[in-house]
Asker: 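Got a structure for you, written out below as structure tokens; questions coming shortly.
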Protein chains: 2
Amino acid sequence: MSEATSPESNRSTRDQILDEALRCFAEKGYEGTSLNDIAAGVGIRRPSLLHHFPSKEALYGDVFERLMSEWLERLDAAVAVPASGWDKSELVLRACLDLFAETPDYVRIMRREALDGGVHLGIDLSGVLRPFFDAAVQYLESQMAQGVFTQLDARHLLITGYGAILTYFSDAPFVDGLIDSDAMNEKNIRDHQEHVIGFFKAALLKS
Amino acid sequence: MSEATSPESNRSTRDQILDEALRCFAEKGYEGTSLNDIAAGVGIRRPSLLHHFPSKEALYGDVFERLMSEWLERLDAAVAVPASGWDKSELVLRACLDLFAETPDYVRIMRREALDGGVHLGIDLSGVLRPFFDAAVQYLESQMAQGVFTQLDARHLLITGYGAILTYFSDAPFVDGLIDSDAMNEKNIRDHQEHVIGFFKAALLKS
DNA sequence: TTGCCTACCTACCAGTAGGTAGTGGGTTAA
DNA sequence: TTAACCCACTACCTACTGGTAGGTAGGCAA
């Protein structure tokens, strides 16, 4: 019937595990998540989970890899769109903001990984993003040199922007308490997006 | 002699534990830190540590309380200084930036707590900061209404600023890899501080 | 039928977690 | 001297961790 064939149900279970692992690692961190938690969320036992992934570390690695590749894909797509000046920056900003709004768990895992200093993986988070970072620095500096953007330290500007964007999603429960409203509801997310865009526009463009 | 009296040496051990616990919780998180780690760092066994603190949770609570009270103290002091307009904002910004530069472990714990949604404590992080947040919102809005500051959403502006400031410290290892330099050395920290100040000034003041 | 495969299971391993009970040395004070 | 207290210790508990061993049910191909 619908899932009689073994390859189909196989992929499905594997993906269910990846989804649940993403949720758990984002929610409770690497150390705070047990394989039992993940397995229970999928409805199987731990050994069955370990049939699909050789170890906890490997599972975490796969979750993280999927996350990074999706992010880089979006970045690539945004950069490929022909545009210049502020419009270009806005395109990239929106690409990130959209992805993070769709999957805030990505943000939470990334933050945890940055906090932990990349202990759980061989992967070097900053190394993967480095090409984009360098390209962005070059772009910003050229715009500043042409007088299009306000003169600022491009590297620090990017790090500041990274923090400004991600924090809203990663610290959503904390934000909830500050604004007395669900940070992750549609309206608030849209407000955050427009605020970030407007804020950077105000800082970078002398009106 | 210098530490012969029992209350003094008691306090000393207690403080050593608090210091080591701060370091460990900041470095590896609540789940990733064992009482053995902390005890070993102080040079005692776990049961001896539990003689000074009734439980891991209580120890964590004390660490966090010390942290928050120090932060609030700094904020109070900064707010008390008579100033207005941009100068006032800069005073508060610098007070936070200075504290975080002195004790980056504070920042890392706060971020972890925000990420975990305050699971490890009864304390509600956003509740404690709420009075300052509300006061800051009021101040910013009054400045915007007077045309001193650019018109922006004050709440989102504060959250953005919070993220922009803290991220540099909390994600220092990640930043290292991006800028190819030790993010926590004196010069880079100073650069970050001046960048944040300059960035907010550029966004808030129409020049 | 036979044999191999996948996907799951129960049962178990060694190791470590947080926490408790009870011991004993050292200092202090009566 | 004796009694008290403080503080650190060893030894132990239960619960749970990641991971493994071995077994089983069902699908599929020769």
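What you are looking at is a predicted structure, and each value in this text was computed from that prediction instead of being measured. In what follows, chains are A, B, ... by sequence order, proteins preceding strands, each numbered from 1.
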Asker: The criterion is side chain to side chain donor-acceptor pair (under 3.5 Å); which residues satisfy it with A:Arg155, sequence neighbours excluded?
Answerer: none
Asker: When you measure from every atom of DNA chain C, which of residues 30-37 of chain B have a heavy atom less than 4.0 Å away?
Answerer: B:Thr33, B:Ser34, B:Leu35, B:Asn36
Asker: Taking only residues two or more places apart in sequence, or in another chain, which ones meet B:Glu90 in a salt bridge (charged side-chain N to carboxylate O under 4.0 Å, His left out)?
Answerer: B:Arg94
Asker: For B:Asp76, what residues pass the side chain to side chain donor-acceptor pair (under 3.5 Å) criterion, not counting sequence neighbours?
Answerer: none
Asker: Scan residues 38-51 of chain B against DNA chain C and write down, sorted by residue number, each residue with any heavy atom closer than 4.0 Å; if none is found, say none.
Answerer: B:Arg46, B:Pro47, B:Leu50
Asker: Using whole Å, what does the distance between atom P of nucleotide D:dA15 and atom NZ of B:Lys56 come to?
Answerer: 18 Å
Asker: Please report, rounded to the nearest Å, how far the P atom of D:dT20 is from the CZ atom of A:Phe53.
Answerer: 16 Å
Asker: Please tabulate, for side-chain N and O atoms in residues 31-38 of chain A, each donor-acceptor pair with protein atoms closer than 3.5 Å (sequence neighbours left out).
Answerer:
{"from": "A:Thr33", "atom 1": "OG1", "to": "A:Cys24", "atom 2": "O", "distance (Å)": "3.1"}
{"from": "A:Thr33", "atom 1": "OG1", "to": "A:Gly29", "atom 2": "O", "distance (Å)": "2.7"}
{"from": "A:Ser34", "atom 1": "OG", "to": "A:Asn36", "atom 2": "N", "distance (Å)": "3.4"}
{"from": "A:Ser34", "atom 1": "OG", "to": "A:Asp37", "atom 2": "N", "distance (Å)": "3.1"}
{"from": "A:Ser34", "atom 1": "OG", "to": "A:Asp37", "atom 2": "OD1", "distance (Å)": "3.4"}
{"from": "A:Ser34", "atom 1": "OG", "to": "A:Asp37", "atom 2": "OD2", "distance (Å)": "3.4"}
{"from": "A:Asn36", "atom 1": "OD1", "to": "A:Arg46", "atom 2": "NH1", "distance (Å)": "2.8"}
{"from": "A:Asp37", "atom 1": "OD2", "to": "A:Lys28", "atom 2": "NZ", "distance (Å)": "3.3"}
{"from": "A:Asp37", "atom 1": "OD2", "to": "A:Ser34", "atom 2": "N", "distance (Å)": "3.2"}

Asker: So, is A:Ser55 close to the D:dG18 phosphate, meaning a side-chain N or O under 4.0 Å from OP1 or OP2?
Answerer: no
Asker: Test of understanding: with side chain to side chain donor-acceptor pair (under 3.5 Å), list the residues that count as partners of A:Ser55, not counting sequence neighbours.
Answerer: none
Asker: Taking salt bridge (charged side-chain N to carboxylate O under 4.0 Å, His left out) as the test, write out the residues that go with A:Glu70, two or more places apart.
Answerer: none
Asker: Measure across A:Thr160 and B:Ala164 and return the closest heavy-atom pair with its distance rounded to 0.1 Å.
Answerer: CG2-CB, 3.3 Å
Asker: Quick one: list whatever passes salt bridge (charged side-chain N to carboxylate O under 4.0 Å, His left out) with B:Asp98, sequence neighbours left out.
Answerer: none
